[in-house]
Amino acid sequence: MKHRARWIALSAGAVVVVLAIVLATQVGTDPRADANKSHLLGQTAPAYDLPTLDGGRVRSSDLAGKVVIVNFWNSWCIPCQQEHPALTEFFRRHAGDPGFAMVGIVRDDTDSAVRSYVTDEGVPYTVALDPGAQASLDFGTRGQPETYAISPDGVIAGTQFGPSSVTNLEQMYAAARGQR
Amino acid sequence: MTRRLLPWLALAAVVVVTLAIVVWPSGGKPSAAERARSIGSELRCPDCESQSIAQSSTETARAARADIRQRIAAGQSDADIRQAYIDKFGDSILLKPESSGLGILVWGLPAAALVLGGGGLVLALRRWRREPHLHATDADRELVQQARPVR
Amino acid sequence: MKPALGVLALALGASGALLGVGTLGVGLARHDDRLLRAGRRYVFVVLAAAVLAAGIMEWALLTHDFSLKYVAENNAKATPLLYTITGLWAALEGSILLWGLVLGGYLAFTAHKFRARATDPLVAWALLVGLVVALFFFGLMLGPANPFKTLGTAPADGQGPNPLLQNHPLMAFHPPMLYLGYVGFTVPFAFAIASLVTGRFGEGWLSETRRATLVAWGFLTVGIVLGAWWSYEVLGWGGYWAWDPVENASLLPWLTATAFIHSVMVQERRAMLRVWNLSLIIATFCLTILGTFLTRSGILNSVHSFTQSAIGPTLLVFLGIVAATGIGLIAWRGDQLRTPGRIDSPVSRESAFLANNLLFAALAFVVLLGTVYPLIAEAIQNKQLSVGEPYFDRMTTPVGLALLFLMAAAPALPWRRANEEVLRDRLLAPAWAGALTMVVAVALGVRELAQVVAFGLAAFALAGIVRQYVVGARGRRRATGEAWPLALVRAVRSNPRLYGGLLVHVGVVIAAVAIATSSAYSTKREVRLAQGQSATVRGYTLTYTGSHEKRSGQKNTVTADVHIRRGSDDLGTYAPAISTFPNASQGIGTPSVRTGFREDVYLTLVSSPNQQGRVTIGVALNPMVLWLWVGGGVMAAGTLLALSPSLRRRSRPVEEPVPAAPPTPEPEKVPV
């Protein structure tokens, strides 16, 4: 074939151009975006039955009919510490409402570390432990902090990956209440 | 000719028989533990960068391994279990691209490239064989002699 | 003051490169020898500037000058001396500085080596291309990747380096080795471009750059093996290769460079494959830039990810220009450089090398495709996928085994054409060694196809290599009557390229066997032990004797002491640990490995003592991992051997002048 090198080089060039376009469009995008949102939005929330820090138990069946905010956290993660004041404030606002419940499920931590954190910083809502990481797996959690808002009929109405603000929490609460 | 090929044929026979023993299906379906390990190695551990559920030592990975074992015991198929995890965690939970849809690209292209390259090589070899060998003629030799500088 | 000096040094380097490019360019256009000689000197200016800038950065690090942003982010008062020094390459901007330094070194070495041919346009073009690359990297440092940025107010103490980077002294070696490899490929690339531009294939530059390529390849091999070692000994996830995008980025240029090292032999012997070799070198250089782009742009998930910055798009643009230039030049000149060479027979060493190149190219294609596939999927379908071990293992294993076969057969194949007798002589016995090894393996219970084939091919290759050494020594003995050891040494010294290459193949065989074994036969267990309690895993008794906590500077480390016994042998106490740093959210595990000839006992501390004082220890028994490092070492030794000067080339001293005969008046007869 005449000018064989030219043809081969130009076809290689075409492939390189396609690759360059693909790379260029992906610069600036977040490769972890998919991992940073929940795939359970709109689905029935998983059931859980976990021990609490003070020796009792918290069950999803007991909380049926209420709006439940579930927050996965632990004592060593810095964004969890950052969102702690927002969670406390949010809880304080709605604590009096009988149709509201809030559970903080500990993810990937030791009991003693959690206990010291709670003693030092104070957590006003129920702290549930997750031995065996079953709840973490059932909720499809990828890390912490992750917050899920569950409507009274058990559907996940809102999710937040990463630290939340009071505004986020109020929005999720409203979405869960609006769900019928 | 066969005489000379004998040692090679014997060699080939030994190799083929040995490989046959290895590849012969050992009978029976894979055990539950094998299935668990194989599924676990194809799913990414949810809170790891790129380790599989089978490899990772995080709590969630351990919970996932137990969950997979439970599902196998409950009779779910490999495809069902994989789909359950995709539903919960999204497509990025798979470590191996699907073999359908866009996945054909990543499985098929290398094979195609290899076939094309190999084919090109075979064609080139054939072409070289067909080209006439060049021999120097007397006229060529005279030309060279004239071109060489005289000492 | 330091930042100003540093920026000044960078500006000196950039302007030196720019002036060098200009002077050489004008000199080439005008065929002006004086300008060419002058332009060459700018290479040394660039080197001096790079040394100066790196020196200033080290000075800033050693004096803990936190007014520099880079020092504040990668160093702290309490950082040990070794990690202060290695802080130069701990993060993005510093690593670019290291790149510039190594590049300056290679360019200066090249300019010096070719000083006798400074006015040769080929050499001038090569230096020009090298200076353009240097200009780009210095420009990067003056722009988006400035290592000398200052902070408004200097903090009292710095953040300290990333915890993972101050865990192990390997940090001092792994990045510099990798860079000595990557950057080294710039030299043959520059000559390849020069050769295409001038349309010349000058005598001598090929063998000179072959040596440079071999040196760079050697360093890259060592860098990759050190990276695998780090992954295994330091990161603690239990393996040595994760097909992580950054690991793949270092593998890609290695694959094309290995292909080049082989196919260049065909070029030397048969004057063929010129354009293919030029393309391989250009591809290797492009892959080093692509690798840098992939790891520094934040575009892919990786354990190695640097932070995102404007450097990503800049690298992509540079890569585009380099690739376009290379492809354009080949499209323009490639057909003129083709030679009418041919390959006589499919069973010949040339054909084996062609097949070798095909397979290496296929491997590189697979690794590249798997690495960028997540980006393609996101661009087309907006889905986020990951491609991990299952894909890469499935695709690379067959190709790797085919290459192992070639490695066993090719060195025995003669050039041009093989006949049955030669093949029988050289290959039959080693092939039987391989076949019998397969039989033994299957008899011992190995049932994985890939392993059986790998063991057989490894034995085949090893037997063939031993045969070649023996034949070489025996030939020498027949000629000189020397004793075996001396004959062997002299034979090797007389053809170091061949025997060095064979030694590298030995290293590859050892590594292949290690990889085949360790990937299939590892045992992993987790045990929860109270103090004084023991557990038994496959013949090893592990006793948890206690734990202690240590605070040192920035690190808070919890260590568990585990005593290992096998039967009646006391194997010692090993101490896996978890360290926490104040500015990192998660603990970093440090494994403790008992390295053995047959297998490693790999201990990790999965969780520190809980309320009842129990620890969870991860135990993995990994067979043959030591041999992977040994294989890497043998490959490095083989490279050194291949680079050593040949005994044959050394000139004999002249003892007495021989009287010259008077010139004859007749023309010489040319023998036919």
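Only this structure's heavy atoms are used, side chains among them; waters, hydrogens and symmetry mates stay out. Below, chains carry the letters A, B, ... as their sequence lines are ordered, and counting in each starts from 1. None of the values given here were measured: they were computed from a predicted structure.
Rounding to the nearest 0.5 Å places CD1 of C/I376 at 10.0 Å from OG1 of A/T25.
Every pair passing side-chain hydrogen bond (donor to acceptor under 3.5 Å, both in side chains) that includes a residue from residues 321-333 of chain C is listed here, sequence neighbours excluded: C/R333-C/Q336.
Looking at C/L316, only its side chain comes within 4.5 Å of chain A, counting heavy atoms on both sides. Proximity to chain C (any heavy atom under 4.5 Å) is shown, for A/I21, by neither the backbone nor the side chain. Heavy atoms of C/I380 lying under 4.5 Å from chain A are absent altogether.
Across all non-hydrogen atoms, the minimal contact from A/A9 to C/I327 is O-CG2, 3.2 Å. Pairing each heavy atom of C/A323 with each of A/V16, the nearest pair is CB-CG1, 4.1 Å.
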Residues 155-164 of chain A side chain polar contacts: donor-acceptor under 3.5 Å, at least two apart:
from, atom 1, to, atom 2, distance (Å)
A/Q160, NE2, A/P163, O, 3.3
A/S164, OG, A/E83, OE1, 2.8

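Counting only heavy atoms from C-beta outward, the side chains of C/L290 and A/L23 approach each other to under 4.5 Å. Between A/V22 and C/V372 there is no side-chain heavy-atom pair separated by less than 4.5 Å.
Evaluation of the side-chain contact (heavy atoms from CB on, under 4.5 Å) rule for A/V166 yields A/A86, A/E89, A/R93, A/E170 as partners, not counting sequence neighbours.
No more than 12 heavy atoms of other residues, nucleotides or ligands sit less than 6.0 Å from atom CZ of C/R528.
Scanning residues 48-60 of chain A against chain C with a 4.5 Å non-hydrogen threshold yields no residues.
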